[in-house]
Number of protein chains: 2
Amino acid sequence: MMHHDGKMEWRSPCPISSALDVLGDKWSLLIIRDLILHGPRTYSQFLDAPEHISTNILASRLDLLTCLKLIERTNPDAASRNNAYQLTESGAALRPTLEAMGKWAGAHLSDFHADMVRMP
Amino acid sequence: MMHHDGKMEWRSPCPISSALDVLGDKWSLLIIRDLILHGPRTYSQFLDAPEHISTNILASRLDLLTCLKLIERTNPDAASRNNAYQLTESGAALRPTLEAMGKWAGAHLSDFHADMVRMP
DNA sequence: CCGGATCCTTGTCGATACTG
DNA sequence: CAGTATCGACAAGGATCCGG
């Protein structure tokens with residue numbers, strides 16, 4: 001198993017910049033979204049999301065989010081098979097950010113994306 | 001001048017996913033942050049931000065954000081020299097998202113990033 | 001000079017095949 | 001089922017060049 005060496009690179013002391021150092025990509029916040037919407041989730045349940053993340057990207061994001069303690073395994077000691085991931089308190093605290101983001105998209109992106117819906 | 005062909009790819013109808021289709025990278029929200037914090041800003045002022053975006057990335061992001069009407073030129077008809085970018089109403093509406101994100105980072109990232117400060 | 005555009009290198013993403 | 005290995009495509013970074 002490959003796991004992160006814990007050495008994060010921070011571009012500046014700005015909190016927003018730091019948040020984006022962790023979450024500034026197209027997938028990390030989608031993983032958090034799935035966990036907020038559906039509760040604990042297994043590897044293959046993440047793969048079933050409509051955005052279709054690929055397996056290696058999912059594994060690397062789960063690894064990073066675990067290292068930074070935004071998520072954790074539901075049963076750390078059990079075999080990885082059928083084991084799930086869940087939010088920590090830190091990950092769950094991203095809910096207001098995601099709500100603000102979803103609200104913004106609903107209000108300001110519908111001109112460009114007619115098929116967008118209220119919530120998945 | 002090269003400009004975007006307006007064809008965005010949307011991964012799903014989910015608003016959060018759609019927001020991340022636009023803003024899910026390490027730089028776009030930092031541009032919005034600069035505009036919220038400092039008001040209208042020129043090309044070289046963006047380059048002076050402590051995170052040091054490179055010129056080509058900045059140009060392509062400004063172009064995309066302009067196409068999606070999150071930002072606009074302060075004086076569209078004037079020469080590009082010394083012209084600045086400012087937020088539209090749509091871009092300004094991202095303030096709650098950035099505030100939530102900054103608040104989250106301040107509360108949950110300081111264990112990993114000791115040098116982080118309240119606000120830049 | 002300022003606002004980019006271009007070139008080139010490096011790194012990350014994404015698809016698919018594969019393994020315990 | 002939960003990942004890992006591999007490889008090609010593409011995006012980011014960095015330096016420099018150019019038009020006004």
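Chain letters run A, B, ... following the sequence lines, proteins first and then strands; every chain starts at 1.
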Applying side chain to side chain contact (heavy atoms under 4.5 Å, CB included), run through B:Ser18 and A:Met116 and close with a yes or a no.
CA-CA 8 Å; B:Ser18 304; A:Met116 201 173 44; 3.6 Å; yes
CA sep, side-chain torsions, deciding dist, call: A:Glu99, A:Lys103, salt bridge (charged side-chain N to carboxylate O under 4.0 Å, His left out)
CA-CA 6 Å; A:Glu99 281 174 349; A:Lys103 210 166 175 176; over 6 Å; no
Measure from CG on B:Asp63 to C1' on C:dG3 and round the result to the nearest Å.
13 Å
A:Glu9 CD to D:dG13 C1', straight-line distance once rounded to whole Å
13 Å
D:dG3 C1' sits how many Å from A:Gln45 CD, rounded?
16 Å
Rounded to whole angstrom units, what separation is found between the CZ atom of A:Arg11 and the P atom of D:dG14?
12 Å
Using five pairs at each end of the helix from C:dC1-D:dG20 to C:dG20-D:dC1 to define an axis, what is the angle between those two axes, to 10°?
30°
Tell me yes or no: between the side chains of B:Thr74 and B:Asn83, is some donor less than 3.5 Å from an acceptor?
yes
Whether the A:Ser60 and A:Asp63 side chains hold a donor-acceptor pair (N or O, under 3.5 Å, no angle test) is what I'd like checked.
no
Can you confirm whether the side chains of B:Asp25 and B:Ser28 place a donor and an acceptor under 3.5 Å from each other?
yes
Less than 3.5 Å apart, any donor N or O on the side chain of B:Ser12 or A:Glu51 sitting next to an acceptor on the other?
yes
Rounded to the Å, how far apart are A:Leu20 CG and D:dA12 P?
14 Å
At under 4.0 Å between heavy atoms, how does the protein contact nucleotides 7-20 of chain C? Give one character per nucleotide, 5' to 3', with B, S or -.
B-----SBBBB--B
Considering only D:dG3, D:dA2, C:dC2, which nucleotide approaches the side chain of A:Tyr85 most closely?
D:dG3
Could you state the CD1-P distance from A:Ile71 to D:dA2, rounded to the nearest angstrom?
13 Å
Using the side chain to side chain contact (heavy atoms under 4.5 Å, CB included) rule, pick out the option among A:Ile16, A:Val22, A:Leu23 that qualifies with A:Leu20.
A:Ile16
Salt-bridge contact A:Arg11-A:Asp21 (side-chain N to carboxylate O under 4.0 Å):
yes
In whole Å, I'd like the distance from the CZ atom of B:Phe46 to the P atom of C:dC2.
16 Å
What's the CZ-P distance between B:Arg73 and C:dC2, to the nearest Å?
16 Å
Mark yes when over 12 heavy atoms from residues, nucleotides or ligands other than B:Lys26 sit less than 6.0 Å from its NZ; otherwise mark no.
yes
